[in-house]
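Have a look at the structure below before the remarks.
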Amino acid sequence: MSVSLSYTCLLRLPTFSVPTKPIILNGPLPFHVSRSHISSSRFGFNSNPFSRTQTPRFFKCLPQRVSDERRETQVTTKEEDDEEKKVVVFERLFSNLNQSTLKRESGSLSSAIFLVAGTTVGAGILAIPAVTQESGFLASAVACILCWAFMVVTGLLVAEVNVNTMSELGSGGVSLVSMAKRTLGSVGVQVVSWTYLLIHYTLLVAYIARSSGILTNFLGIPIWESATLFSLIFGGLCFFGSQRFIGAANGVLVFGVIASFAALVAVASGDLHWEALLKANFEAVPMSIPIIALSFVYQNVVPVLCTDLEGDLPKVRTAIVLGTAIPLGLFLVWNGVILGSFPADTGVAAEKMVDPLQQLRSSSVTVGPFVEAFSLFAIATSYIGFVLGLSDFFSDLLKLPSGQNKPLLYLLTLVPPLVLSLLDPEIFFKALDFAGTYGVLVLFGILPAAMSWSDRYIVSTSTVTRLPQLVPGGKLTLSLVMGAAGYVILSEVVENFSRYLSSS
């Protein structure tokens with residue numbers, strides 16, 4: 001039955017009570033939920049996303065208007081109800097409240113954009129010139145744009161499922177484990193858990209390995225000391241820092257990325273070989289896709305993003321699109337400057353995997369310091385995002401009480417990557433390629449589309465309302481996403497197997 005609301009009302013409802021008939025509203029419906037009732041270990045919420053608290057909640061309904069025809073009849077047919085109850089448009093899902101002042105503290109959109117951009121710009125950008133030198137700048141630019149569009153779509157799918165999961169579970173800060181549990185069951189939880197650990201540990205190992213080399217060259221200290229120093233500084237920032245302080249620090253680091261990048265481009269572009277930028281070998285593009293896709297990974301912070309922005313889908317969409325568009329521009333310019341610094345006839349075979357950055361540092365005393373500074377800033381911003389994402393993941397996976405076990409979470413997050421990076425300091429490229437092929441394309445390629453498919457067409461069919469979809473195209477788009485990721489993974493498996501047979 002359709003109900004006309006002509007004034008502001010405050011309804012006190014049990015957490016998961018659902019009326020027998022939906023309330024059809026023609027305007028935005030903001031949900032205001034006390035911060036103490038939503039969960040995220042980093043934000044001080046209940047860390048168990050599977051528990052359904054019975055604490056009453058307050059839903060504030062704004063004045064709405066209904067058509068004259070509805071005012072006259074006030075009755076709709078069952079078919080009309082079923083059609084209109086499918087989508088609810090709301091301003092935000094809940095409100096983040098300061099537990100001391102009881103004042104709303106919503107996340108800043110600019111901070112959210114910086115978080116996405118900082119997480120995206122990581123060690124992957126340092127490996128792009130090495131894996132794209134055979135394909136050339138033009139072909140690799142096309143690959144970068146396509147991978148960016150693909151990763152934007154999968155990030156929006158993660159956000160859509162995350163907000164729907166928060167709405168159904170009645171708690172904030174739910175991670176990929178909670179989303180997989182709701183949409184794909186126990187099998188999905190196992191796949192998400194293992195691939196999430198694989199990709200995060202692998203990338204954290206790569207970040208520490210590369211940053212320790214930079215700090216060793218700069219400070220003249222042993223590798224193990226520089227790796228420990230890097231982990232203590234930025235791991236301690238995540239452990240001791242508040243949400244606001246971490247956001248401010250990340251913004252400073254992103255500014256450092258942009259400043260060092262601009263200086264590097266200004267210095268290196270003076271001796272560009274423009275004819276080298278015209279090279280386009282599209283046959284060599286497939287081998288670079290895993291690392292290019294890895295360079296656009298940010299989906300691990302999308303659950304944190306959705307909680308920080310209070311489930312406001314328009315803000316989440318803006319943060320994801322703009323936050324990834326900034327790294328896209330950096331990647332294209334970066335790749336052009338590095339590949340254009342060498343004549344077109346000095347390309348190195350892909351099998352040799354010679355790092356153009358190393359060649360540039362050794363051949364130019366002026367460019368070297370800017371390359372090192374940009375590399376360190378880029379790794380630090382991404383390291384922070386991955387540490388926060390992995391610590392929240394452990395809190396959700398292990399169902400640890402909020403706050404009491406925070407040291408344990410960060411020990412599990414920081415120590416294993418540090419130890420593994422010290423075992424093989426030259427693991428950088430191998431770790432990135434492995435994580436990109438078997439981690440990123442599964443966890444942030446196939447699984448977001450699979451969860452969204454289940455969320456849209458299986459789980460949500462039994463609920464009273466559904467939230468707006470962030471990605472259009474229905475089943476066709478989801479099929480294309482899963483098919484593209486599966487094709488790249490299969491191609492890499494076949495190629496690696498063929499290479500193994502030929503070498504044995």
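If you read the sequence from its start, that first residue is 1, and numbering goes on from there.
Annotation: side-chain contact (heavy atoms from CB on, under 4.5 Å) contacts of Leu411 (sequence neighbours excluded): Val415. When the ring pair (Phe, Tyr, Trp, His ring centres under 6.0 Å) test is applied to Tyr196, the partners found at least two apart in sequence or on another chain are His200, Phe393.
No donor-acceptor pair closer than 3.5 Å links the side chain of Glu492 to the backbone N or O of Ile489. Thr307 places no side-chain N or O within 3.5 Å of a backbone atom of Val304 that could act as its donor or acceptor partner. Under a 3.5 Å cut-off, the side chain of Ser452 and the backbone N or O of Pro448 do not form any donor-acceptor pair. Side-chain atoms of Thr381 come within 3.5 Å of backbone N or O of Ala378 as a donor-acceptor pair. Checked by atom type and distance alone, the side chain of Ser211 pairs as donor or acceptor with a backbone atom of Ile208 at under 3.5 Å. In this structure, the side chain of Ser295 engages the main chain of Ile291 through a donor-acceptor pair within 3.5 Å. Between the Asn164 side chain and the Glu160 main chain, a donor and an acceptor come within less than 3.5 Å of each other. A side-chain donor-acceptor contact under 3.5 Å links Ser454 to the backbone of Thr183.
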Could you walk me through whether Leu156 and Val302 pass the side chain to side chain contact (heavy atoms under 4.5 Å, CB included) check? CA-CA 9 Å; Leu156 292 176; Val302 169; over 6 Å; no
Please step through side chain to side chain contact (heavy atoms under 4.5 Å, CB included) for the pair Trp148 and Thr120, ending with a clear verdict. CA-CA 11 Å; Trp148 168 77; Thr120 306; over 6 Å; no
Before you tell me yes or no, could you show the steps for Leu408 and Phe394 under side chain to side chain contact (heavy atoms under 4.5 Å, CB included), namely the whole-Å CA-CA distance, both residues' side-chain angles and the distance that decides it to 0.1 Å? CA-CA 9 Å; Leu408 175 61; Phe394 276 129; over 6 Å; no
May I have the step-by-step check of side chain to side chain contact (heavy atoms under 4.5 Å, CB included) for Leu277 and Leu138, ending in yes or no? CA-CA 7 Å; Leu277 300 180; Leu138 289 181; over 6 Å; no
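Ser140 and Asn335 form a side-chain donor-acceptor contact under 3.5 Å, judged by distance and modelled atom types alone.
Looking only at side-chain heavy atoms (C-beta outward), Val142 and Val285 stay at 4.5 Å or farther from each other. Counting heavy atoms from C-beta outward, Thr202 and Tyr207 have side chains that stay 4.5 Å or more apart. A heavy-atom distance below 4.5 Å is found between the side chains of Phe386 and Val297. Between Leu157 and Met451, the closest side-chain pair of non-hydrogen atoms is not below 4.5 Å. For the pair Pro290 and Val440, the minimum side-chain heavy-atom distance is 4.5 Å or more. Here the side chains of Ile233 and Leu237 are not in contact, with every heavy-atom distance at 4.5 Å or above. Considering only heavy atoms from C-beta on, Leu184 comes within 4.5 Å of Leu447 through its side chain. At least one side-chain heavy atom of Arg456 sits less than 4.5 Å from a side-chain heavy atom of Val471.
Nearest heavy atoms, Val481 versus Ala449: CG1-CB, 3.9 Å. In terms of heavy atoms, Leu388 sits closest to Cys238 at CD2-CB, 3.9 Å. Shortest non-hydrogen contact noted between Met151 and Ala293 is CE-O, 3.5 Å. Closest approach of Phe234 to Leu253, counting heavy atoms only: CE2-CD1, 4.0 Å. Residue Pro417 comes nearest to Tyr201 through the heavy atom pair CG-CD2, 3.5 Å, listed as atom of the first residue, atom of the second, then distance. Here the shortest heavy-atom pairing between Ala484 and Phe150 reads CB-CE1, 4.3 Å.
The CG atom of Asn162 sits 8.0 Å away from atom CG of Leu176, with the distance rounded to the nearest 0.5 Å. Here the CD1-CG distance, from Ile125 to Leu294, works out to 12.0 Å after rounding to the nearest 0.5 Å. Taking CD from Glu495 and CG from Leu490, the interatomic distance works out to 11.5 Å, rounded to the nearest 0.5 Å. Considering OH of Tyr298 and CG of Leu305, their distance stands at 9.5 Å, rounded to 0.5 Å. Here OG1 of Thr154 is found 9.5 Å from CG of Leu443. Values are rounded to the nearest 0.5 Å. How far CZ of Phe230 is from CG of Leu414: 10.5 Å, rounded to the nearest 0.5 Å.
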Side chains of residues 219-227: which donor-acceptor partners sit under 3.5 Å, not counting sequence neighbours?
from   : atom 1 : to     : atom 2 : distance (Å)
Ser226 : OG     : Ser212 : O      : 3.0
Ser226 : OG     : Thr216 : OG1    : 2.9
Ser226 : OG     : Pro222 : O      : 3.4
Ser226 : OG     : Ile223 : O      : 2.8

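Sorted by first and then second residue, the salt bridge (Lys or Arg N to Asp or Glu O under 4.0 Å) pairs involving residues 365-384 (not counting sequence neighbours) are Arg361-Glu372. The ring-ring contact (aromatic ring centres under 6.0 Å, His included) analysis of residues 235-271, with sequence neighbours excluded, yields the pairs Phe239-Tyr410, Phe261-Phe374. Residue pairs meeting the ring-ring contact (aromatic ring centres under 6.0 Å, His included) criterion with at least one member in residues 307-332, sequence neighbours excluded: Phe296-Phe331.
Evaluated for a side chain to side chain contact (heavy atoms under 4.5 Å, CB included) with Val321, the options Val152, Ile113, Val116 yield exactly one hit, Val152.
Judged by the 6.0 Å distance and 45° axis criteria, Lys279 is not positioned over the aromatic ring of Phe137.
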